[in-house]
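Worth saying up front: this structure is predicted, and the values here are computed from it rather than measured.
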Amino acid sequence: MRCRYCFYCDVLSERGGTVSRMTDGTAAQLIKKAFGYARASVSFAFQGGEPTLAGLDFYRRFVETVGRENKKGLAVRYALQTNGVRIDGDWAAFLKAENFLTGLSLDGPAEIHDLNRVDAGGGGTHRDVMRAARALDRAGAAFNILSVITAATARHIGKIYAFYKKQGFKYLQFIPCLDGFDGKPDKFSLRGDGYEGFLKRLFDLWYDDFLRGEYISIRAFDNYIHMLQGLPPENCAMGGACGVYYVVEGNGDVYPCDFYCIDSYRLGNLGGGDFTDFERSAARERFAQEGRGHAETCGACRHYDLCRGGCRRERDGVTRAHRFCGATQAFFDYARPRMSAIADSLRRRNAR
């Protein structure tokens, strides 16, 4: 595929390099060093590019190696983010058997999805992605839908949400399309007023279904309600600072975040260090320190407890202001009372 808004192409252009598929030797290093570093659990999440290009046998061997190396009997979780083009019955059966959580990239009905999620020849891919969804559903494999919101798709969130409901998709993620590292907007860029309208419309649709007892999980709303209950968010963008996880490229290079797989944040290589070394590296500390930098106005914001400055990748490089600050504040003014009421009812129910 050649998605027209792909942020990873921008990452590669910043790095000035190429990406390669991970060999079994590099995977074995990764697994061994992950278990040497971990204390309670290990999560392996595969994304790309397109991770299924490594082939199903690569994942079978990966899981077998995990079984051999997990000598401490730690909990292991797997996830796969895929465009779905290669997912068939064999893939779906494997993902079910090994308890992978699959994220399936889909932008709504065909006329919306095929605007940007095209193949190498420029043709639409909606039919292939829907075929993958049916294969995963038949196998009973857990999957959610991940949609990228652009300026164009934000205007059609009602149609997108209705399509997902009709298909029976109950676990949804919506992520704003990223601008490039140069910060310059392009035709896909989502501006503040478009994002505000998108959030309000989506929330109203979701809330109406919630009142009818038709619960649909939307990751952002789930997190906000958890936070209003006094619980921590699971989404690192809502934590107020960049968390600790590691991205390992096919050649063994290690980075602190998939949005920042660029030379200035390279932590090292699996061939020359372990995860303790990467954690203590100067690049890791600098990345963490920069991730804690918020705009001066954040401290006085009435919604800082929910926003916490947003994802660093969406902050202005100079002022550190979040590019969706105004839209997010307006959304919280609009939806927070209803989210708080849900959180309060959940708190009371859990206290019984």
Side-chain angles (χ1 to χ4, degrees), residues 1-9 19 21-22 44-63 77-150 152-154 156-175 177 188 202 205 209 214 216-219 258:
M1 286 177 65
R2 300 292 187 275
C3 299
R4 294 189 169 110
Y5 49 54
C6 180
F7 82 86
Y8 195 64
C9 290
V19 65
R21 299 180 193 176
M22 185 175 287
F44 296 106
F46 302 89
Q47 59 185 69
E50 173 48 43
T52 60
L53 290 173
L56 182 52
D57 286 342
F58 170 85
Y59 290 90
R60 288 172 172 145
R61 294 190 297 269
F62 193 101
V63 169
R77 293 184 289 271
Y78 295 109
L80 178 80
Q81 184 62 44
T82 177
N83 62 36
V85 170
R86 296 171 62 92
I87 300 295
D88 58 14
D90 289 340
W91 269 101
F94 169 81
L95 295 170
K96 166 63 176 176
E98 301 299 340
N99 295 313
F100 274 64
L101 174 60
T102 300
L104 187 62
S105 298
L106 177 67
D107 285 355
E111 65 271 22
I112 298 173
H113 175 96
D114 287 344
L115 288 172
N116 297 310
R117 297 193 60 78
V118 296
D119 61 24
T125 60
H126 188 265
R127 182 178 299 177
D128 292 328
V129 182
M130 292 304 297
R131 175 181 46 77
R134 289 190 290 271
L136 292 166
D137 192 51
R138 284 194 299 270
F143 71 99
N144 58 39
I145 300 297
L146 187 149
S147 297
V148 175
I149 301 302
T150 66
T153 57
H156 300 290
I157 186 55
K159 183 182 291 187
I160 293 170
Y161 186 79
F163 173 77
Y164 290 160
K165 282 185 61 179
K166 183 177 180 181
Q167 300 301 320
F169 300 150
K170 295 184 179 296
Y171 297 91
L172 311 176
Q173 295 184 56
F174 298 94
I175 58 173
C177 186
F188 307 113
L202 178 61
L205 293 167
D209 282 340
E214 300 175 16
I216 293 176
S217 171
I218 294 180
R219 187 185 186 193
D258 58 320

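Rounding to the nearest 0.5 Å gives a distance of 8.5 Å between CD1 of Ile157 and CD1 of Ile112. Here SG of Cys6 is found 10.5 Å from CD of Glu50. Values are rounded to the nearest 0.5 Å. In this structure, CG in Leu172 is found 7.0 Å from OG in Ser217, a value given to the nearest 0.5 Å. Taking CD1 of Ile160 as the start and CG of Leu205 as the end, the distance is 11.0 Å to the nearest 0.5 Å. Considering CD of Gln47 and OG1 of Thr82, their distance stands at 11.5 Å, rounded to 0.5 Å.
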Which pairs of donor and acceptor atoms, one on a side chain in residues 89-108, lie under 3.5 Å apart (sequence neighbours left out)?
residue	atom	partner	partner atom	Å
Ser105	OG	Gln81	NE2	3.0
Asp107	OD1	Val148	N	3.1
Asp107	OD2	Tyr5	OH	2.5

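Not a single donor-acceptor pair under 3.5 Å links the side chain of Arg2 to the backbone N or O of Gly122. The closest donor-acceptor contact from the side chain of Arg86 to the backbone of Thr52 lies under 3.5 Å.
Listed by first and then second residue, the side-chain hydrogen bond (donor to acceptor under 3.5 Å, both in side chains) pairs involving residues 166-175 are Gln173-Arg219 (not counting sequence neighbours).
Here the shortest heavy-atom pairing between Phe169 and Ile216 reads O-CG2, 4.4 Å. For the pair Asn83 and Val85, the tightest heavy-atom approach, listed with the atom from each and the gap, is OD1-N, 3.0 Å. His126 approaches Phe163 most closely through the heavy-atom pair NE2-CZ, 3.7 Å. When all heavy atoms of Gly49 and Pro51 are compared, the pair lying nearest together is O-CD, 3.8 Å. Closest non-hydrogen pair, Thr125 versus Asp114, comes out as N-OD1, 3.0 Å.
Arg131 pairs by the salt bridge (charged side-chain N to carboxylate O under 4.0 Å, His left out) definition with Asp128, not counting sequence neighbours. Residues satisfying the salt bridge (charged side-chain N to carboxylate O under 4.0 Å, His left out) criterion with Arg61, sequence neighbours excluded, are Asp24. For Arg60, the side chain to side chain donor-acceptor pair (under 3.5 Å) test picks out Asp57, with sequence neighbours left out. With sequence neighbours excluded, the residues satisfying side chain to side chain donor-acceptor pair (under 3.5 Å) with Lys165 are Asp209.
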Full working for side-chain contact (heavy atoms from CB on, under 4.5 Å) between Lys159 and Glu111
CA-CA 11 Å; Lys159 183 182 291 187; Glu111 65 271 22; 3.6 Å; yes
Evaluate Leu136 against Ile87 for side-chain contact (heavy atoms from CB on, under 4.5 Å), listing each step before the verdict.
CA-CA 8 Å; Leu136 292 166; Ile87 300 295; 4.2 Å; yes
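Side chains of Arg21 and Leu53 form a contact here, defined as non-hydrogen atoms less than 4.5 Å apart. Here the side chains of Ile218 and Tyr161 are in contact, with some heavy-atom distance below 4.5 Å.
Aromatic ring orientation, Tyr59 versus Phe46: perpendicular (interplanar angle above 60°, classes split at 30° and 60°).
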